[in-house]
Amino acid sequence: MSMAAWFSAYFIMPITGNFIHSVELGISIIFAAAAAAYAYVFFRMSARKHEQSGKFSVALSLFFLLLHFLIFRTKNEANDHLLTGFHDTCTFFVYYFSFLWNGILILYLMCDDYFENKQGKPMFVRGLVLTAVYFGIFSNLHQSCMLAVYAFIEMCWQILSQWKEFRLKQFCRRFGLQLFILFSWFLSFYFEFKGGRSQQVGIRDLHQLWAQFQDTLRNLLNRLQSMNGYFLEAAVVCFAVFLSVVIIRIFYKNIHTHIHILGERELEEHISTSVKMLVGSLIVLVFLCTLCAVSKPWDISRGDVLNSCIFFFFLFMMEQIQFLLRTINPLKLVFPLIIILCFFNTITTGRTWMVRTTGRVNYAIAQQVTSDLVDDFLEADQSGQNNIEIHVPLFNYGDNYPLATYAPGTVSNVLYKYGVTNNRINAVFIPDPGLNEKYGLPVP
């Protein structure tokens, strides 16, 4: 987040001349680039692991992205989706960016079979991967669990599939990276558990834990019941394909005589990948339920929380879709039509997507409030005032978040650091219901 402000202040503000507009544009560019990288790594994995043509891998990548919007598009207005934050800039960075970062890293590890082939990689590339792992793990527990679970599943799968050849002496050498990821994640979990935020939202006793766990499950069920009908139909088809392949593989040893395009080795790989993605989705879901139960039960219904669990389920679905398209060639004729139908199902006659501001304040109003706040600092700086009171709208949080009473010092430091003001201004925020009327905001 601080890098986004730095980039905006030094590279965009000289062009726009407006600090707030520059930060908005800079953050937008960063998130768009991250989402594009997420799609590209999936495209690369599809093209390399499944030997799809470039054009067809682009179509699969588009469908993969569409699933993030389609899954919860059930209302005419204010729908949630997975490629965004939930409330404000903070949730964009803490949840959404952490999701993209860990998702990109997992897709890269899958694409290159990195855990098996890391010794053949240049040292610089291995250093970059370790750096990416560090930032992925020490980000946000709701999303960092993705990488830890993936590393755990890959390690366990290798041990179970080759247990006869397993040697304890080779364990650390072969699974060193997975062990490093797991150790780092448990270390970050310990830091979070001992942190101040944990003390704010922590539970008092087992009775409260059980009550909050029940609330979490109810919120989860309500959220899952609101899934898009077309998405659910696609999920059912994917489960049917997977079960059919498993059943055929069990009862017909020479599977390659029944499915001519794929050999037995490809079938084994398809089943193993599908199982790993399903298990990963289930483990992450259990962890998220537990984490929300000990903090905020309602958070389990947020798209930017569930995305880490649904990510693995999407990969499971894409594995089945690619399997179908490889084995039943005529399906490629209708796949572009399926993509178009899914796309238009994400468009409604109303304002389709949820407003991403605290309290769902209109974007233009939120921008105006913030710009006026900066103008107050500028006027004080130009008139030589060092101590000022700034009236801000009243919000229904104890500290008046998002224009919190503890925030003036931070705002002053940021404006001074990036040259918006010439001096640090000592300011105090005064919540004022009169400003709610001025901006058309409800008075709590």
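Please read all numbers here as calculations on a predicted model, not as lab measurements. Residues: numbered from 1 along the sequence shown.
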Pair Phe180, Leu130 - check side-chain contact (heavy atoms from CB on, under 4.5 Å), show working. CA-CA 9 Å; Phe180 172 76; Leu130 282 177; 3.9 Å; yes
More than 12 non-hydrogen atoms from neighbouring residues, nucleotides or ligands closer than 6.0 Å to CD1 on Ile347, yes or no? yes
Quiz question: by atom type and distance under 3.5 Å, do the side chains of Glu154 and Gln158 form a donor-acceptor pair? no
Min side-chain heavy-atom separation Asn102-Tyr150 under 4.5 Å: no
Enter the distance from Glu116:CD to Leu177:CG here, rounded to the nearest 0.5 Å. 11.5 Å
What I want to check is whether the side chains of Gln320 and His270 have a donor and an acceptor closer together than 3.5 Å. yes
Please report the interatomic distance CG(Leu324) to CZ(Phe335), rounded to the nearest 0.5 Å. 10.5 Å
Would you say Trp185 and Leu147 make side-chain contact, with heavy atoms under 4.5 Å? no
Distance, nearest 0.5 Å, that separates OG of Ser46 from CE of Met318: 7.0 Å
Whether Lys75 side chain and Ala78 backbone form a donor-acceptor pair below 3.5 Å: yes
Polar side-chain atom of Asn228 near backbone of Arg73 as donor-acceptor pair, under 3.5 Å: yes
Taking the basic N atoms (NZ, or NE/NH1/NH2) and the acidic carboxylate oxygens, is any pair closer than 4.0 Å for Arg44 and Asp112? yes
With side-chain contact (heavy atoms from CB on, under 4.5 Å) as the test, would you mind laying out the steps for Thr131 and Phe135 before giving the verdict? CA-CA 6 Å; Thr131 303; Phe135 283 114; 3.7 Å; yes
With a 6.0 Å cut-off (strictly less than), is the heavy-atom count around CZ of Arg351, excluding the residue itself, greater than 12? no
Taking every non-hydrogen atom, the tightest pair across Tyr363 and Val355: OH-CA, 3.4 Å
I'd like to know whether Trp6 forms a ring pair (Phe, Tyr, Trp, His ring centres under 6.0 Å) with Phe11, so could you lay out the CA-CA distance, the side-chain angles of the two residues, the decisive distance to 0.1 Å, and finally the verdict. CA-CA 8 Å; Trp6 177 86; Phe11 291 95; 5.6 Å; yes
Distance check, rounded to the nearest 0.5 Å: Ile106 atom CD1 versus Cys111 atom SG? 14.0 Å
Whether over 12 other heavy atoms sit under 6.0 Å from Lys121 NZ: yes
Any idea which heavy atoms bring Ser308 and Leu288 closest together, and the distance? OG-CD1, 3.5 Å
Side-chain touch Pro444/Asn436, heavy atoms, less than 4.5 angstrom: yes
Using every non-hydrogen atom in the two residues, find where Ser281 and Phe313 come nearest and quote the distance to one decimal. OG-CB, 3.8 Å
More than 12 heavy atoms of other residues, nucleotides or ligands under 6.0 Å from NZ of Lys296: yes or no? no
To the nearest 0.5 Å, how far apart are CG in Leu70 and CG in Leu82? 10.5 Å
Should Tyr38 and His68 count as side-chain neighbours, where that means a heavy-atom distance under 4.5 Å? yes
Just by distance, no angles: are the side chains of Thr352 and Glu77 close enough, under 3.5 Å, to form a donor-acceptor pair? no
Has Asn219 got a side-chain atom pairing as donor or acceptor with Ile300's backbone, closer than 3.5 angstrom? no
Looking at OG1 of Thr370 and CD1 of Ile365, how far apart are the two atoms once the value is rounded to the nearest 0.5 Å? 11.5 Å
Looking at Phe56, does the NZ or CZ of Lys332 lie under 6.0 angstrom from its six-membered ring centre and within 45 degrees of the ring axis? yes
Are His142 and Val94 close enough, and set up right, to give a side-chain contact (heavy atoms from CB on, under 4.5 Å), and what steps lead you there? CA-CA 9 Å; His142 296 85; Val94 175; over 6 Å; no
Given Phe86, which partner from the list Phe99, Tyr96, Trp298, Phe93 fulfils the ring-ring contact (aromatic ring centres under 6.0 Å, His included) test? Trp298
Considering all heavy atoms of both residues, which atom of Ser274 and which atom of Phe316 are nearest to each other, and what is their separation? O-CD1, 3.6 Å
Looking only at heavy atoms, the pair that brings Cys145 and Val284 closest together is SG-CG1, 3.8 Å
Output yes when a side-chain donor or acceptor of Ser8 lies under 3.5 Å from a complementary backbone atom of Ile12, and no otherwise. no
Thr84 versus Trp353: any side-chain heavy-atom pair under 4.5 Å? no
Heavy-atom side-chain contact between Asn307 and Leu83 under 4.5 Å: no
The test is side-chain contact (heavy atoms from CB on, under 4.5 Å); show your working for Val149 and Val279 and say whether it passes. CA-CA 9 Å; Val149 166; Val279 172; over 6 Å; no
Thr74 and Ser226: side chain donor to acceptor below 3.5 Å: no
Measure centre to centre between the rings of Phe92 and Phe31, then say whether the value is under 6.0 Å. yes
Donor-acceptor pair, distance only, cut-off 3.5 Å: does the side chain of Asn222 make one with the backbone of Leu217? no
Mutual orientation of the aromatic rings belonging to Phe138 and Tyr134 [parallel < 30°, tilted 30-60°, perpendicular > 60°]: tilted
All heavy atoms of Cys342 vs all of Phe63, minimum pair found to be SG-CE1, 3.7 Å
Go through the side-chain N and O atoms of Thr358 and Asp88 and say whether any donor and acceptor fall under 3.5 Å apart. yes
Within the 4.5 Å heavy-atom criterion, are Asn140 and Tyr95 side-chain neighbours or not? yes
Phe175 versus Phe115: any side-chain heavy-atom pair under 4.5 Å? no
Thinking salt bridges, do Asp80 and Arg356 make one under a 4.0 Å N-O criterion? yes
